2 protein chains.
Amino acid sequence: MTQNSIRFLTIGRLAVLAVAIFAISTQVIAQDGWTLDARSVPPPAAVSKELHDAIAGAPKPDAATQWGMIPDNDDGWRAMQNATAMMPLDPMAEQFGVSVEKKVIAGVTVFAITPKEPSTAHADHVFLHVHGGGYVLGGGNGSATEAIMAAGTIGMTSISVDYRMPPDHPFPAAVNDTVTVYKHLLKSHDANAIVIGGTSAGGGLAMAAVHRFKELSLDVPGAIYAGTPWADLTKTGDTLFTNEGLDRVLVSYDGLLDAAAKLYADGTDLKDPLLSPVYGDFAGFPPTYFVTGTRDMFLSDTVRTHRKMRAAGVIVDLNVYEGMSHAEYLMVAASPESRDMFTGLGAFLKQHLP
Amino acid sequence: MTQNSIRFLTIGRLAVLAVAIFAISTQVIAQDGWTLDARSVPPPAAVSKELHDAIAGAPKPDAATQWGMIPDNDDGWRAMQNATAMMPLDPMAEQFGVSVEKKVIAGVTVFAITPKEPSTAHADHVFLHVHGGGYVLGGGNGSATEAIMAAGTIGMTSISVDYRMPPDHPFPAAVNDTVTVYKHLLKSHDANAIVIGGTSAGGGLAMAAVHRFKELSLDVPGAIYAGTPWADLTKTGDTLFTNEGLDRVLVSYDGLLDAAAKLYADGTDLKDPLLSPVYGDFAGFPPTYFVTGTRDMFLSDTVRTHRKMRAAGVIVDLNVYEGMSHAEYLMVAASPESRDMFTGLGAFLKQHLP
């Protein structure tokens, strides 16, 4: 090709790419996708020192190391659950200025968390918290940890549901236990004084529970907190692929997620909205606060649900943190990002709860 | 190790990863980052057929092919600009139901775009549009394309600034031309009846211009539309790295972006808020509508600016589209996502402009 024809081709290509193009007519060729080359990714630069150092100091995410020993039998799951159920809560309660009381409400174990310095704005409000952990982990004492952070930072009384889990109690036990505690709270609270929420499976369960409240003709709560929600138990979201190996928490779908989805669903269609709330009807949902990060494998689940709720006319607020993997605002609890997340949630609740 | 000690290690690791963890004390080891393995990424599944097919039919993003022939001299830039400046506008104007008139306002070339079916809600409003193209491309007729889509879809009169560009007119010519047209509009409009915005460099320029309006003690406009804004001309945002080779439009920082930043800045510090508005003070900024996608290399620029504005008390609305590369809502103009973006922007403007 001559110099001029090369320039002409280049100009044409740049025109296509750099300018808003009207009516590209693409010859569609079915493709399985693109194979991206290996690449080096530095720690995110525009985050707090605390978050940067946590990421820079972490080993390269590796599914085989982190998730390679998922149990293949029920006893293995029970042993794992028992271990995580025993984590001490006192140091965390002390740091966040709350008291924690384990109780049973209509047969469901909960942790009642009371801030020592409650916010007057939230005197009549209660946070109904449902924990994360893929519906298979994070129970027992672990179920209270996020609620302790929220109760202390926001100054709101919280009730964290230690819902039953598989292998002994698969879906819909978690939903049913959440409904039980919600009905109990409705005896002492207006529905719109209750915020329901959590992170990961907790964010998904919160939205699934609201789908269930609608089925039961219960009033919906006043707000939802959907922290990087597991909104789709099928392997569909784009960031499950694009952020694989980059999200240092989830690492890969072919780790905890695949195993947990199957164990929890117990044969129910994974697209059932009570399992994968993104597939439900969001009409009548209350104001919802979404949180995720640019490295989060659930970035897609979060933004897909956000857009579906918008389309249904729901008040939504999407918060995406730079460089953050799945649920890292819980794991790097001393970071400004973590505090910002909870104070932002508190401000949202002040605005939308009566 | 015994079976039991392996199980114990696994349990400990899962506890750390799956549960909210209190006070992880990480031994920080300075790292250059992680080398991610090559991986196959399918086209995004949970997007419209139109967007899916456009992505599935596109070749694998390749910086050498798409950006390998960036000019290395001024004549090369001028030739490229001249070519993209001549794109026909009539078919697009016809489709979006607008008329287009090229005018000169106080020495600045603009395109005045009038919808044939204006929205009564926007009868008193005007969209001051600034085009994208890395500050070095997208001028001439190309500058009007996004404004035609916005004017037609929203039903709002638009003025698109064909601002001067390098190599002949580097920074701050683009900012100055935008100020000139804004001052002209202020003769016939209340400031808060004007929305300023654009995509990519246009989104960045819109915010840079508002920083400049504040310096000049001009009233700020009523709203900003920041479409996947180039808010930081330094190579800082995390998704410049994580979405490299995945964003099929920008592909790599080491293509148009690096060359354009240097050519436009012309020696000015790249962290000057009039070049990289994310580094500015957002106090007093008007309500701002952000748009980006999960595959967008400017996802980080978008969410970083979104959080800075929130922290400054600005009303903000963040919209992240599943599976979308940089500015794809302009390139796949026939997609539901594109229409959703402009109608969502229109709804935001109805809410926030008086």
Side-chain angles (χ1 to χ4, degrees), chain A residues 10-11 14-15 17-22 24 26-46 53-54 56-57 60 66 69 80 83-84 92 133 137-138 142 145-146 236 238-239 241-242 244-246 249 294 299-300 303-304 318 320 322-323 330-331 333, chain B residues 10-11 13-15 17-22 24 26-29 31-46 53-54 56-57 60 66 69 80 83-84 92 133 137-138 142 145-146 236 238-239 241-242 244-246 249 294 299-300 303-304 318 320 322-323 330-331 333:
Chain A
T10 305
I11 289 170
L14 286 166
L17 287 164
V19 184
I21 291 302
F22 174 60
I24 291 180
T26 313
Q27 182 80 26
V28 175
I29 304 154
Q31 288 194 344
D32 291 337
W34 303 323
T35 300
L36 302 189
D37 301 333
R39 99 274 302 277
S40 178
V41 175
D53 288 355
K60 174 182 166 181
Q66 293 175 223
M69 295 173 82
M80 190 180 294
T84 64
M92 195 170 182
L137 295 172
T145 51
E146 181 176 30
T236 297
D238 194 42
T239 54
F241 303 91
T242 61
E244 186 176 19
L246 186 67
V249 179
T294 63
L299 172 62
S300 284
V303 305
R304 289 167 62 207
L318 175 61
V320 184
E322 167 76 344
L330 299 182
M331 305 202 179
Chain B
T10 304
I11 289 170
R13 186 173 295 128
L14 287 165
L17 288 163
V19 183
I21 291 302
F22 174 59
I24 292 179
T26 312
Q27 181 81 25
V28 175
I29 305 155
Q31 288 194 344
D32 291 336
W34 303 323
T35 300
L36 302 188
D37 301 332
R39 100 274 302 278
S40 178
V41 176
D53 288 355
K60 174 183 165 180
Q66 293 175 223
M69 296 173 81
M80 189 180 296
T84 65
M92 196 170 181
L137 293 172
T145 51
E146 181 176 30
T236 297
D238 193 44
T239 55
F241 303 90
T242 60
E244 185 176 21
L246 185 67
V249 178
T294 63
L299 172 62
S300 285
V303 305
R304 288 167 61 207
L318 175 62
V320 184
E322 167 76 344
L330 300 182
M331 304 204 179

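These figures come from a predicted structure and were not determined experimentally. Sequence lines set the chain letters: A, B, ... in the order given, protein chains first and strands last, and positions in each chain run from 1.
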Original post:
Do the side chains of B:Leu299 and A:Leu299 get nearer than 4.5 Å, heavy atoms only?
Top reply: yes
Original post:
How about B:Val320 and A:Leu318: do any of their side-chain heavy atoms sit closer than 4.5 Å?
Top reply: yes
Original post:
For A:Ala46, does its backbone N or O pair with a side-chain atom of B:Arg304 as donor and acceptor, under 3.5 Å?
Top reply: no
Original post:
Going by heavy atoms in the side chains, are B:Thr294 and A:Val303 under 4.5 Å from each other?
Top reply: yes
**OP:** Pick whichever of B:Gly323, B:Pro42, B:Ser40, B:Pro44 has the most heavy-atom pairs under 4.5 Å with chain A.
**Re:** B:Pro42
**OP:** Kindly write out the residues that satisfy side chain to side chain donor-acceptor pair (under 3.5 Å) with B:Ser300, not counting sequence neighbours, or none if the list is empty.
**Re:** A:Glu322, B:Thr239
Subject >> Closest approach of B:Phe241 to A:Arg39 (non-hydrogen atoms, all atoms of both residues) >> reply: O-NH1, 3.2 Å
